[in-house]
Structure formats: C-alpha cells, structure tokens
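Remarks on the structure that follows.
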Amino acid sequence: MSTRSCQGTDSVIKPLDTIPEDKKVRVQRTQSGFDPFEKPASQVKRVHSENNACISAKSSSAGKESPKLRRHSSPSSPTSPKFGKADSYEKLEKLGEGSYATVYKGKSKVNGKLVALKVIRLQEEEGTPFTAIREASLLKGLKHSNIVLLHDIIHTKETLTLVFEYVHTDLCQYMDKHPGGLHPDNVKLFLFQLLRGLSYIHQRYILHRDLKPQNLLIGDTGELKLADFGLARAKSIPSHTYSNEVVTLWYRPPDVLLGSTDYSTCLDMWGVGCIFIEMIQGVAAFPGMKDIQDQLERIFLVLGTPSEDTWPGVNSLPHFKPGERPFTSISTTLRRKVWPFHTAFPG
C-alpha cells in the first residue's frame with residue numbers, strides 16, 4: 001500500500017468549546033425549495049492553523065463571504081485596466097502545468113487582488129477543449145462559499161484564460177504537510193464544507209465526477225472550496241449516457257470500475273468516503289497501483305467480493321466476472337492492518 005511519508009503527528013491541543021445550539025447550521029425551507037446547508041463557511045467557528053490545530057475564527061471575517069468582483073472600468077482613462085482583457089492581470093509565478101493548461105498565481109491590475117490564472121492553450125485544428133468549455137459554463141452559474149469563484153474569462157486567438165479567486169493550498173498539500181492524519185476537529189470542518197458544497201451542486205443536478213484531495217482548495221482560514229469542474233456534468237433526468245472514464249482511480253466507485261454508466265450523486269459520495277478515510281489516517285483508502293483490476297481487488301479485499309445476494313444486479317455490470325478471484329470480507333484484525341484508523345472504531 002502506498003503511504004505518505006510520516007514526519008510526525010499533530011501536537012495535542014485543547015478542543016474548542018462546542019458551538020452553541022442557536023449558532024448551529026440548520027436545514028431550512030426557502031422559497032426556492034429545500035435548500036440545506038446554506039450557512040457561509042466563514043461562520044463555522046473552528047478553523048485550522050498552519051500546525052493543524054484548531055483556532056478561533058477572526059471576528060472580522062465572521063459572517064462575511066468573499067467579496068465578488070464587479071465589472072467596471074475607470075471613467076478617467078480609456079486605457080485603464082478592464083475585466084476581460086489579458087493585460088489586466090500580471091503573472092507572478094507558475095503553480096502547475098497539465099496536459100492542456102498551465103496555472104499561474106497572478107494579480108489583478110483592476111483591484112490589486114491575487115488571482116489564479118488557468119491558461120488553456122488553443123490549437124487551431126482542435127479548437128477549445130470541451131473540458132474548458134464545460135468548466136466555464138458550469139462555474140458561471142455557481143455562487144457558493146464552498147465552490148471556487150470564477151472571476152473572469154479572457155479569450156484570445158492562442159489561449160482561453162479562466163481567472164479564479166486565489167486559494168493558497170489544496171487538501172493534498174495540506175495532508176502532506178501534516179502526515180499521519182489530521183486533527184479530528186479539522187476533519188469535521190473539511191468534511192462538513194465538502195458535503196455542503198456537494199449539496200449545493202447536487203441540488204442543481206450537477207455531478208462533480210472528479211473528487212480528490214488535489215481538487216479541494218483550502219484557504220488560510222480553513223475554508224474549503226470545490227475546484228476543477230472539467231469533468232463535471234449537468235445531469236438531465238433520466239440519463240444513461242455518461243462515461244465510466246471519470247474520477248481518479250483511487251476515488252472511483254466499484255460500480256463505475258465495473259463499467260456502469262448509470263450513476264448519480266452516489267458517484268461523488270463514494271469519493272467523499274475515500275477522502276474522509278484519507279484525512280483520518282493520512283493514507284489513501286484504496287491506493288491501486290496498476291490498473292482497474294488492481295483497484296477492484298483492493299476494494300474487495302476490505303469489503304468482500306460482491307454477489308447477487310450482497311449486491312443485487314452486480315452480475316449485469318459489463319466488467320463483472322462472477323466467481324473470479326473471490327475475496328471474503330477480511331477480519332477486524334486484518335482490516336486494522338489495512339486501515340490503521342479502524343483502531344479507533346472497534347467492531
């Protein structure tokens with residue numbers, strides 16, 4: 001099993017007082033329908049610090065959401081920086097590079113705020129990548145404290161640049177910095193915000209389809225934001241036309257690994273469970289190292305090989321082969337060796 005290098009564990013800290021009853025998030029009905037978890041993340045009283053200890057949120061930030069940029073231009077000069085223009089942003093440093101895009105840390109010349117510039121290279125014979133079109137079109141309609149904010153879109157002949165709010169790290173980097181598992185209060189904080197962000201997009205019939213720690217941004221006050229909607233999909237009802245080539249292997253559910261294209265929000269929820277385990281123990285739940293078959297075996301080693309009795313309909317999945325290399329659900333003792341965090345959850 002692949003593990004993160006352990007350099008130490010979190011220091012013991014004093015837990016914060018519990019949140020008063022009148023401050024707890026409650027599910028409310030609004031005029032737009034059933035809309036749970038709409039309390040801004042900045043109102044959650046527990047936030048993380050650089051040493052993974054819980055600290056009190058600054059009073060100045062409580063109850064406030066990140067300010068949204070407004071399109072405007074200075075009336076004093078026609079050459080003043082404007083939104084939608086490439087020269088309105090200054091590149092400061094490269095943050096990462098992928099197969100079709102490069103991400104830079106940048107600064108807006110309009111208002112001086114830090115931004116993240118996702119510069120997508122356009123090729124004349126192929127045009128704009130469909131993932132970029134999908135990400136931009138979906139994010140333009142999503143405004144939530146746990147969804148990364150798309151500020152601006154800049155289109156030139158050579159590139160398409162998506163301008164996002166700047167968030168200084170992601171959950172993967174945060175866990176690497178704090179190996180051996182996160183503090184339980186921070187796990188609760190991050191998990192709550194992840195579920196709230198998913199609730200927001202699922203209510204709008206959108207599936208993220210690529211949940212993993214690298215795509216969960218973490219702000220310096222503990223605010224978590226879902227990012228990278230390149231594989232996201234607006235779900236029409238009914239629909240059986242999805243691809244099974246979604247989600248990074250470690251976080252892909254077994255039905256999709258077995259070829260199913262008939263999935264819904266459960267696709268994202270399996271990823272949430274895997275990320276939850278990884279935050280607790282500091283090790284990926286099912287770190288397949290080879291291929292889909294290896295990934296399935298790692299899942300079946302813990303949960304047992306499914307059958308029609310335990311999973312009705314599994315025999316109809318395209319890649320399921322009944323009777324091939326069956327695994328029985330492992331004992332609690334062995335499970336604790338596979339998943340160290342089980343030592344805290346007996347039975």
Side-chain angles (χ1 to χ4, degrees), residues 24-30 32-44 46-48 65-66 131 134-150 164-165 167 170-172 174-175 182 186-219 222-237 239 242-244 246-256 260 262-280 284-286:
K24 291 183 179 179
V25 176
R26 300 184 184 276
V27 176
Q28 299 178 346
R29 289 187 178 273
T30 64
S32 60
F34 190 59
D35 198 16
F37 309 131
E38 288 300 321
K39 190 171 182 178
S42 57
Q43 293 186 23
V44 180
R46 290 196 297 270
V47 297
H48 77 284
E65 301 233 7
S66 301
T131 52
R134 180 180 289 169
E135 182 173 25
S137 62
L138 288 176
L139 283 174
K140 282 179 66 178
L142 298 178
K143 307 297 179 185
H144 190 272
S145 59
N146 297 122
I147 308 293
V148 67
L149 181 63
L150 176 65
F164 296 98
E165 62 178 317
V167 186
D170 60 50
L171 183 58
C172 181
Y174 187 84
M175 290 191 291
L182 303 183
N186 290 333
V187 174
K188 293 176 185 178
L189 175 65
F190 294 151
L191 184 63
F192 171 78
Q193 294 180 90
L194 171 55
L195 291 171
R196 183 169 60 178
L198 279 180
S199 174
Y200 175 82
I201 65 172
H202 286 172
Q203 288 176 58
R204 287 153 181 79
Y205 305 107
I206 296 173
L207 305 179
H208 188 280
R209 303 203 305 175
D210 196 18
L211 286 182
K212 56 185 177 181
Q214 293 90 332
N215 289 342
L216 303 178
L217 305 181
I218 305 293
E223 192 171 57
L224 179 146
K225 295 176 181 289
L226 277 68
D228 200 343
F229 280 70
L231 288 179
R233 178 80 180 266
K235 178 176 172 61
S236 55
I237 301 179
S239 176
Y242 296 142
S243 167
N244 63 350
V246 293
V247 187
T248 302
L249 203 60
W250 290 6
Y251 308 95
R252 194 179 304 176
D255 56 329
V256 178
S260 173
D262 179 18
Y263 51 75
S264 184
T265 54
C266 57
L267 173 79
D268 288 336
M269 293 310 298
W270 175 274
V272 170
C274 293
I275 292 169
F276 178 37
I277 293 170
E278 192 168 350
M279 286 194 292
I280 292 174
F286 306 111

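Quick caveat: nothing in here was measured; it's all calculated off a predicted structure.
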Could you walk me through whether Met269 and Leu195 pass the side-chain contact (heavy atoms from CB on, under 4.5 Å) test, one step at a time?
CA-CA 9 Å; Met269 293 310 298; Leu195 291 171; 3.7 Å; yes
Does the pair Lys143 and Ile147 meet the rule for a side-chain contact (heavy atoms from CB on, under 4.5 Å), with working shown?
CA-CA 7 Å; Lys143 307 297 179 185; Ile147 308 293; over 6 Å; no
Starting from the C-alpha separation in whole Å, work towards a yes-or-no answer on side-chain contact (heavy atoms from CB on, under 4.5 Å) for Thr248 and Asp210.
CA-CA 6 Å; Thr248 302; Asp210 196 18; 3.4 Å; yes
Between Phe190 and Leu216, is the side-chain contact (heavy atoms from CB on, under 4.5 Å) condition met? List the steps.
CA-CA 9 Å; Phe190 294 151; Leu216 303 178; over 6 Å; no
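Within the 4.5 Å cutoff, side-chain heavy atoms of Leu189 are placed close to those of Gln193. Contact of the Asn146 side chain with the Tyr200 side chain is not registered, since no non-hydrogen atoms from C-beta on lie closer than 4.5 Å. Side-chain atoms of Trp250 and Cys274, non-hydrogen and from C-beta on, never get closer than 4.5 Å to each other. Considering only heavy atoms from C-beta on, Tyr263 comes within 4.5 Å of Val256 through its side chain. The closest side-chain heavy-atom distance from Tyr174 to Asn186 is below 4.5 Å. With a 4.5 Å cut-off on side-chain heavy atoms, Val272 and Leu191 count as touching. Looking only at side-chain heavy atoms (C-beta outward), Phe276 and Leu194 stay at 4.5 Å or farther from each other. Residues Thr265 and Leu207 have side chains in contact (heavy-atom distance under 4.5 Å, counting atoms from C-beta outward).
From Leu217, atom CG reaches atom CG of Leu224 across 7.5 Å, with rounding to the nearest 0.5 Å. Between atom CG of residue Asn215 and atom CG of residue Leu226 there is a gap of 8.5 Å, rounded to the nearest 0.5 Å. With values rounded to the nearest 0.5 angstrom, Ile201 atom CD1 is found 6.5 Å from Ile206 atom CD1. Annotation: the span from Met279 atom CE to Lys188 atom NZ amounts to 12.0 Å, rounded to 0.5 Å. Expressed to the nearest 0.5 Å, how far SG of Cys172 lies from CD1 of Ile218 amounts to 11.0 Å.
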Would you be so kind as to tabulate the donor-acceptor pairs closer than 3.5 Å made by side chains of residues 134-142, with sequence neighbours excluded?
{"from": "Arg134", "atom 1": "NE", "to": "Ala232", "atom 2": "O", "distance (Å)": "3.3"}
{"from": "Glu135", "atom 1": "OE1", "to": "Lys118", "atom 2": "NZ", "distance (Å)": "2.8"}
{"from": "Glu135", "atom 1": "OE2", "to": "Phe229", "atom 2": "N", "distance (Å)": "3.3"}
{"from": "Ser137", "atom 1": "OG", "to": "Ile133", "atom 2": "O", "distance (Å)": "3.0"}
{"from": "Ser137", "atom 1": "OG", "to": "Arg134", "atom 2": "O", "distance (Å)": "3.0"}

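Judged by distance alone, the side chain of Ser264 and the main-chain N or O of Cys266 form no donor-acceptor pair under 3.5 Å. Within the 3.5 Å criterion, the main-chain N or O of Pro213 finds no donor-acceptor partner in the side chain of Tyr251.
Test His208, Arg209, His202 against Asp268 for side-chain hydrogen bond (donor to acceptor under 3.5 Å, both in side chains) and you get one pass: His202.
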